[in-house]
Amino acid sequence: QTSRAPAISVSAESCIPAGLRLGPVPGTFKLGKYLSDRKEPGPKKKVFSYAVPPVFQVRMVRGELVDEAGSSALEWIGLIRAARNSQEQTLEAVSDLPGGQIFYRALRDVQPGEELTVWYSNPLAQWFDIPVTATPTHDEKGEERYICWYCWRTFKYPNSLKAHVHFHCALSHGRPFLHHDH
């Protein structure tokens, strides 16, 4: 995501089939930089699979999603929110080779009305030095929490912690991600 805290959520207007690749993702890739534990409501933008002709027509031409005029319709890719956890994730960010172009791949069939959310594939996370796992602890109420082992800040979701460690925690820079058992 290239802008700070996009106010638009992107949802499917028609079924997006599992395995469909979207992209490449334009701009500087900083997925999760502005991820927070809370989901801010905002206006919605609907996107369509190439298989169903919607009002705003998008179709496949030479392997790329284009609009009815033949120009790129991928401006909305940068508006897709980072997934806070694997349960809400519908897409994963992938690359064919380290340092190459980044695409989003549907992890499963995305149903009409469902929000598109994305997180790094394990190989891409390793390439960017993003933590791949986060182990929860439990607070006094028994709820799962994720703790930054550098600054002790707590998070409700694992990807919020991973993004914090990579992008924001001043105490973690230059050191690998520590797990709670270290």
Side-chain angles (χ1 to χ4, degrees), residues 1-12 16 18-23 25 27-42 44 76-95 98-100 102-111 113-182:
Q1 296 173 341
T2 56
S3 62
R4 190 174 206 290
I8 297 174
S9 64
V10 179
S11 61
I16 296 175
L20 179 70
R21 281 176 40 142
L22 310 170
V25 178
T28 305
F29 191 70
K30 293 185 178 179
L31 175 64
K33 183 165 184 174
Y34 303 107
L35 179 63
S36 72
D37 275 349
R38 67 181 191 278
K39 194 175 196 176
E40 285 113 24
K44 294 186 177 191
W76 51 265
I77 283 181
L79 301 174
I80 296 174
R81 295 181 201 248
R84 297 172 297 174
N85 58 38
S86 60
Q87 290 77 28
E88 72 179 22
Q89 181 181 355
T90 58
L91 308 170
E92 70 176 348
V94 297
S95 181
I102 296 169
F103 295 84
Y104 292 166
R105 184 179 67 82
L107 292 171
R108 56 176 173 73
D109 287 349
V110 180
Q111 300 305 313
E114 194 172 356
E115 182 178 3
L116 301 179
T117 57
V118 63
W119 193 250
Y120 299 83
S121 64
N122 284 347
L124 197 60
Q126 291 171 347
W127 169 256
F128 281 110
D129 200 25
I130 302 280
V132 175
T133 61
T135 305
T137 59
H138 293 85
D139 64 15
E140 60 279 352
K141 295 179 185 176
E143 294 180 19
E144 284 188 348
R145 293 288 181 247
Y146 297 85
I147 300 173
C148 176
W149 296 102
Y150 299 110
C151 69
W152 297 98
R153 185 171 168 194
T154 61
F155 298 87
K156 188 174 180 181
Y157 297 99
N159 292 350
S160 301
L161 167 65
K162 295 173 194 177
H164 163 78
V165 169
H166 182 73
F167 292 110
H168 304 291
C169 185
L171 300 176
S172 74
H173 291 293
R175 293 185 282 178
F177 183 66
L178 292 177
H179 298 283
H180 76 291
D181 52 334
H182 287 118

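Numbering of residues begins at 1 and proceeds along the displayed sequence.
Closest of all the heavy-atom pairs between Ala125 and Val132 is CB-CG2, 4.1 Å. Across all non-hydrogen atoms, the minimal contact from Val165 to Cys148 is CG2-SG, 4.2 Å. Residues Pro158 and Ala134 approach most closely at CB-CB, 4.0 Å, considering heavy atoms. The two atoms that bring Ala93 and Leu124 nearest to each other are O-CD2, 3.4 Å, heavy atoms only.
Scored by the salt bridge (Lys or Arg N to Asp or Glu O under 4.0 Å) test, Glu143 finds Arg145 as partners (sequence neighbours excluded). Arg153 meets the salt bridge (Lys or Arg N to Asp or Glu O under 4.0 Å) test with no other residue; sequence neighbours excluded. The side chain to side chain donor-acceptor pair (under 3.5 Å) search around Thr90 returns none, not counting sequence neighbours. Shown here are the salt bridge (Lys or Arg N to Asp or Glu O under 4.0 Å) partners of Glu114, two or more places apart in sequence or in another chain: Arg108. Phe155 meets the ring-ring contact (aromatic ring centres under 6.0 Å, His included) test with His164; sequence neighbours excluded. Applying the side chain to side chain donor-acceptor pair (under 3.5 Å) criterion to Gln89, with sequence neighbours excluded, gives no partner residue.
For the atom pair CG (Leu22) and CZ (Arg105), the distance works out to 11.0 Å, reported to the nearest 0.5 Å. The OG1 atom of Thr135 lies 9.0 Å from the CH2 atom of Trp149; values are rounded to the nearest 0.5 Å. To the nearest 0.5 Å, atoms CD (Gln87) and OH (Tyr157) are separated by 9.5 Å. Here the OG1-CG distance, from Thr133 to Leu161, works out to 9.5 Å after rounding to the nearest 0.5 Å. If you take CG on Asp109 and CD1 on Ile16, they are separated by 10.0 Å, rounding to the nearest 0.5 Å. One distance of note links OG1 of Thr154 with CG of Asp139; it measures 8.5 Å at 0.5 Å rounding.
Remark: side-chain polar atoms of Tyr120 are paired, donor with acceptor, to backbone N or O of Leu31 under 3.5 angstrom. Judged purely by atom type and a 3.5 angstrom limit, Asn85 uses its side chain to pair as donor or acceptor with the backbone of Glu88.
Counting only heavy atoms from C-beta outward, the side chains of Trp119 and Leu35 approach each other to under 4.5 Å. For the pair Lys33 and His168, the minimum side-chain heavy-atom distance is below 4.5 Å. Proximity of Val25 to Ile80: side-chain heavy atoms (C-beta onward) are nowhere separated by under 4.5 Å.
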key: Arg84 vs Asp37, side chain to side chain contact (heavy atoms under 4.5 Å, CB included): CA-CA, chis, key distance, verdict   = CA-CA 7 Å; Arg84 297 172 297 174; Asp37 275 349; 5.7 Å; no

